[in-house]
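Reviewing the structure listed below.
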There are 2 protein chains.
Amino acid sequence: MLTIGKIGAQAGVKVPTIRYYEQIGLLPEAGRSAGNQRLYGRKALERLAFIRHARDLGFTLEAIRDLLSLSDNPEQPCVAADAIARAQLAEVERRLARLTALKAELERMVVQCAGGKIADCRVIEVLGDHSLCSTDHRHPESESSP
Amino acid sequence: MLTIGKIGAQAGVKVPTIRYYEQIGLLPEAGRSAGNQRLYGRKALERLAFIRHARDLGFTLEAIRDLLSLSDNPEQPCVAADAIARAQLAEVERRLARLTALKAELERMVVQCAGGKIADCRVIEVLGDHSLCSTDHRHPESESSP
DNA sequence: CTTGAAGCTATAGTTGCTAGAGACATTAGC
DNA sequence: GCTAATGTCTCTAGCAACTATAGCTTCAAG
Ligand SMILES: [Zn+2]
Ligand SMILES: [Zn+2]
Ligand SMILES: [Zn+2]
Ligand SMILES: [Zn+2]
């Protein structure tokens, strides 16, 4: 049996994050020691590692919740799991396309600026006027998460 | 003079977002009509469009705050503005690299799964074991070991 | 047996908004 | 002029997915 700090270190997840996962029902309530401290076994560690890995791959906690409940029923067909993975792939491809456009725009900005006064700064100028951009990088969506 | 809904439509920013920007000091407090409604002029519209464009390019509000205060001093050198843009470019490139690895991993997962039971699902299997991955796609910030 | 690290609960903060409630202002049609 | 529809006002709360703090209790090493 491992303490919360130990599985945290093993799975690469911070202690408060593990408690958070338990709080939102992603991890089952852990058993407790005589002194009320959480104790985990091998199954809990595997589950936590699964969550961590899926988070690393950009899945939302909601998607992970579904994946976990699927993986708890090994006899079911895996179509649903594959669909979640394909949706995540599509999402990653969307972000990739957007970031590629952003990169081009930012490169143009920094390359075109000759340095000098703010009044002549190409960065400031372009930021103030999208028509100076070379691509249509609009269409706002999550650009921040992973 | 434009109402909040009008500049919102012109700049492509939702009304509550404009009020939020004012609240956090990104936009100056707007003048008011006799009936206490916000009124905006051309300068405010330009400032809002600047913010919107910078957001579209992925800048944080904190970076935008700095860019705005720089652009308010046109005689200053633009080194600081260029540095912010280059930092943003670096950030975009970092995300791009990570998303590219993620895309490869997700593609591998969905391609390798033959369909069938969850017990044999490659998606579930790989999510449970990072050593089955072909790249090191892990999130850098989350990993800080002593 | 003491001390310091690790654990506990509970609350609040982060970022960049978005949604809702309930009251007031403005405008269009009649 | 009047009414109805829309627009705007303030305020609060909520989203994801944690992270940080405060003030305790418990555990393990020396
Ligand atoms: Zn410049
Ligand atoms: Zn642009
Ligand atoms: Zn499968
Ligand atoms: Zn992996």
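In what follows, chains are A, B, ... by sequence order, proteins preceding strands, each numbered from 1. Keep in mind that the numbers below use all heavy atoms, side chains included, and drop hydrogens, waters and symmetry copies.
Note on Glu22(A) versus Arg38(A): salt bridge recorded, some NZ/NE/NH1/NH2 to OD/OE distance being below 4.0 Å. Using a 4.0 Å cut-off between charged nitrogen and carboxylate oxygen, Arg138(A) and Asp56(B) count as a salt-bridge pair. Between Glu46(A) and Lys43(A) there is no salt bridge, since none of the side-chain N atoms of the basic residue sits less than 4.0 Å from a carboxylate O of the acidic one.
Of the residues in residues 20-34 of chain B, those placing a heavy atom less than 4.0 Å from an atom of DNA chain D are Arg32(B), in numerical order. Near DNA chain D, defined here as any heavy-atom distance below 4.0 Å, the residues from residues 4-12 of chain B are Ile4(B), Gly5(B), listed numerically.
In this structure, the NZ atom of Lys14(B) is 17 Å from the C1' atom of dT8(D), given to the nearest Å. Protein atom CZ of Arg52(A) is 15 Å distant from nucleotide atom P of dA17(D), rounded to whole Å. Atom-to-atom, CD1 of Ile51(B) to P of dG16(C) comes out at 12 Å; the value is rounded to the nearest Å. Put simply, CZ on Phe59(B) is 15 Å from P on dC17(C), counting in whole angstrom units. Distance CG (Leu2(B)) to P (dT26(C)): 16 Å, rounded to an integer number of Å. Across the protein-nucleic acid pair, Glu62(B) atom CD and dC17(C) atom P stand 13 Å apart, rounded to whole Å.
Using a 4.0 Å cut-off, some side-chain N or O of Thr3(B) falls inside it from OP1 or OP2 of dT8(D). Within the structure, every side-chain polar atom (N or O) of Arg38(A) is placed at least 4.0 Å from both OP1 and OP2 of dG7(C). The phosphate of dA17(D) (OP1 or OP2) has no side-chain N or O of Thr17(A) nearer than 4.0 angstrom.
Residue pairs satisfying the ring-ring contact (aromatic ring centres under 6.0 Å, His included) criterion with at least one member in residues 101-131 of chain A, sequence neighbours excluded, are listed as follows: His130(A)-His137(A), His130(A)-His53(B). Within the structure, side chain to side chain donor-acceptor pair (under 3.5 Å) contacts touching residues 69-78 of chain B (residues at least two apart or in different chains) are Lys117(A)-Glu75(B), Arg47(B)-Asp72(B). Pairs engaging residues 60-92 of chain B under the ring-ring contact (aromatic ring centres under 6.0 Å, His included) rule: none recorded [sequence neighbours left out]. Legend: ring-ring contact (aromatic ring centres under 6.0 Å, His included) pairs involving residues 9-50 of chain B, not counting sequence neighbours: none detected.
Nearest-nucleotide positions on DNA chain D place Pro16(A) closer to the 5' end than the other of Pro16(A) and Gly35(A). Comparing Gln37(B) and Val15(A) along DNA chain C, the residue whose closest nucleotide (by nearest heavy atom) sits nearer the 5' end is Val15(A).
Counting non-hydrogen atoms under 4.0 angstrom, Arg19(B) reaches a base of the nucleic acid.
Applying the salt bridge (Lys or Arg N to Asp or Glu O under 4.0 Å) test to Arg32(B) and every residue at least two apart in sequence or in another chain returns nothing. Every residue two or more places apart in sequence or in another chain that forms a side-chain hydrogen bond (donor to acceptor under 3.5 Å, both in side chains) with Thr135(A) is listed here: Glu105(A). For Arg19(A), there are no salt bridge (Lys or Arg N to Asp or Glu O under 4.0 Å) partners, not counting sequence neighbours. Residues satisfying the side-chain hydrogen bond (donor to acceptor under 3.5 Å, both in side chains) criterion with Glu107(B), sequence neighbours excluded, are Lys103(B).
Checking dC17(C), dG16(C), dA17(D) against every side-chain atom of Arg55(A), the shortest atom distance belongs to dA17(D). Listed nucleotides: dC9(D), dA17(D), dC8(C). Nearest to the side chain of Asn36(A): dC8(C).
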Check nucleotides 21-24 of chain D against the protein and report each pair of N or O atoms closer than 3.5 Å, with its distance, or say if there are none.
none

Contacts under 3.5 angstrom, residues 6-14 of chain B side chains, donor-acceptor by atom type, not counting sequence neighbours:
none

